[in-house]
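Here is how names work: the chains are called A, B, and so on, in the same order as the sequence lines, proteins then strands, and each is numbered from 1.
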Number of protein chains: 2
Amino acid sequence: MREAYHVELDQLAENLAAMSVQVADAMERATKALLEVDLGLAEQVISDDAKVDDARAECEEQAYALLALQAPVATDLRTVLAAIHAAESLERMGDLALHVAKAARRRHPDPVLPDAVKPYFAEMGRAAVKLARQVEAIIKTKDVSAAKDLETEDDQVDDLHRHLFTVLMDREWPHGVASAVDVTLLGRFYERYADHAVSVAKRMIFVVTGRMPGYGTDDEDLTI
Amino acid sequence: MREAYHVELDQLAENLAAMSVQVADAMERATKALLEVDLGLAEQVISDDAKVDDARAECEEQAYALLALQAPVATDLRTVLAAIHAAESLERMGDLALHVAKAARRRHPDPVLPDAVKPYFAEMGRAAVKLARQVEAIIKTKDVSAAKDLETEDDQVDDLHRHLFTVLMDREWPHGVASAVDVTLLGRFYERYADHAVSVAKRMIFVVTGRMPGYGTDDEDLTI
């Protein structure tokens with residue numbers, strides 16, 4: 001009975017890994033589209049989002065089947081619940097990448113970002129995508145030492161986001177209100193994407209090891 | 001066996017109703033704090049947020065116990081999963097009200113909102129809080145005709161949010177960039193709060209009736 005459970009759970013974990021690759025790619029492309037004013041790439045992210053939604057529905061159905069057919073209890077049950085929450089966060093990450101792509105498309109052929117802030121978004125994008133790719137690493141390798149890096153990358157996104165705010169609130173912001181509005185929203189999309197990525201990574205550490213990672217106290221989603 | 005399940009599920013639904021009241025009150029107070037520049041009220045929302053987090057943890061534990069002890073299948077299982085998702089969204093609504101309260105506190109004693117946009121936020125607040133209170137109504141009365149109103153209130157928040165954007169992007173916005181940044185973020189908090197409220201209401205309709213409400217195609221969270 002438990003062997004069947006583990007085969008099914010491994011399959012579910014693989015699907016979550018695949019989903020994390022999808023949303024990492026989406027944010028990588030959306031960031032590129034933003035920085036390079038690339039309409040085609042933005043359109044690709046926008047049309048690919050439906051696949052992320054489908055993947056989430058599939059993960060939920062798998063989790064439902066696991067619960068219904070295997071009736072897991074104790075840690076096994078919490079593991080399936082963690083996987084369900086992870087799928088929901090991954091879908092939200094896909095939506096946030098979609099929002100970035102839509103912003104790039106909305107202002108095309110003009111760039112959304114003033115040159116002065118492009119380095120912030122290049123870095124936030126890099127850190128956010130790296131966080132999402134760590135989810136796949138955790139699942140594939142079962143190597144939870146990747147958990148150490150989570151805090152570093154998340155702090156980086158938060159720091160960049162805070163600096164961005166300083167720049168925006170500076171009395172000398174010369175790029176106009178519309179640009180400030182765009183940059184505000186985009187900064188928030190990256191910040192929320194990174195938050196969700198950390199949450200997913202921690203839940204997946206629980207799924208593959210049965211133990212929650214023990215760093216930080218500041219986390220919204222320590223509940224499985 | 002199934003009678004025990006129903007007793008437990010009713011208890012869980014009651015706890016979700018209580019949570020929805022908490023987050024409705026939080027957003028009502030946060031909105032008042034914002035409009036009336038009321039630091040005391042903002043501080044109350046900020047310190048009460050921990051109770052929302054506790055309530056969510058309690059709901060998850062109840063759901064876990066239901067799954068572990070009753071091993072529900074079919075619709076009963078989907079119902080418990082719907083309740084788990086609802087608890088997560090309700091916690092997020094609490095966080096969004098918290099963000100509104102923190103914005104009010106951050107600029108105190110200055111108002112965050114220019115007079116010109118206060119009416120937008122008064123209305124968005126009213127509609128958003130009404131949506132959250134409909135969750136309680138659905139659970140307490142099992143009256144799902146409230147579902148009709150969901151679309152109306154949600155559309156209203158979206159319309160107001162769009163109008164707010166028009167005002168922000170107007171070349172004549174005279175209130176400065178910092179103010180535009182604050183208003184952008186606040187508008188997004190209300191819009192996301194309303195999105196989550198609709199999602200929770202629909203899941204609770206499923207929990208109390210076993211059927212998903214059938215309106216709209218535009219919904220992020222039709223997956224249970």
If the contact rule is any heavy atom under 4.5 Å from chain A, which residues of residues 7-18 of chain B qualify, in numerical order? none
Rounded to the nearest 0.5 Å, what separation is found between the CZ atom of A:Arg188 and the NE2 atom of B:His99? 4.5 Å
Decide yes or no for B:Trp173 and A:Val181: does some side-chain heavy atom of the first lie under 4.5 Å from some side-chain heavy atom of the second? no
I need the A:Ser89 OG to B:Glu88 CD distance, nearest 0.5 Å. 6.0 Å
Within 6.0 angstrom of A:Lys102 NZ, more than 12 heavy atoms from elsewhere: no
Please indicate whether B:His163 has more than 12 foreign heavy atoms, meaning atoms of other residues, nucleotides or ligands, lying under 6.0 Å from its NE2. no
Between A:Tyr64 (side chain only) and B:Ala74 (backbone N and O only), is there a donor and an acceptor less than 3.5 Å apart? yes
Let's test your reading of the structure: which of B:Ala68, B:Ala63, B:Gly176, B:Ser179 forms the most heavy-atom pairs below 4.5 Å with chain A? B:Ala68
Count the heavy-atom pairs under 4.5 Å between each of B:Leu185, B:Ile84, B:Asp76 and chain A, then report the option with the highest count. B:Leu185
Please report the shortest heavy-atom distance between B:Val177 and A:Ala180, naming the atom on each side. CG1-CB, 3.6 Å
Do the side chains of A:Leu67 and B:Val73 get nearer than 4.5 Å, heavy atoms only? no
Can A:Arg78 and B:Glu60 be counted as an ion pair, charged N to O under 4.0 angstrom? no
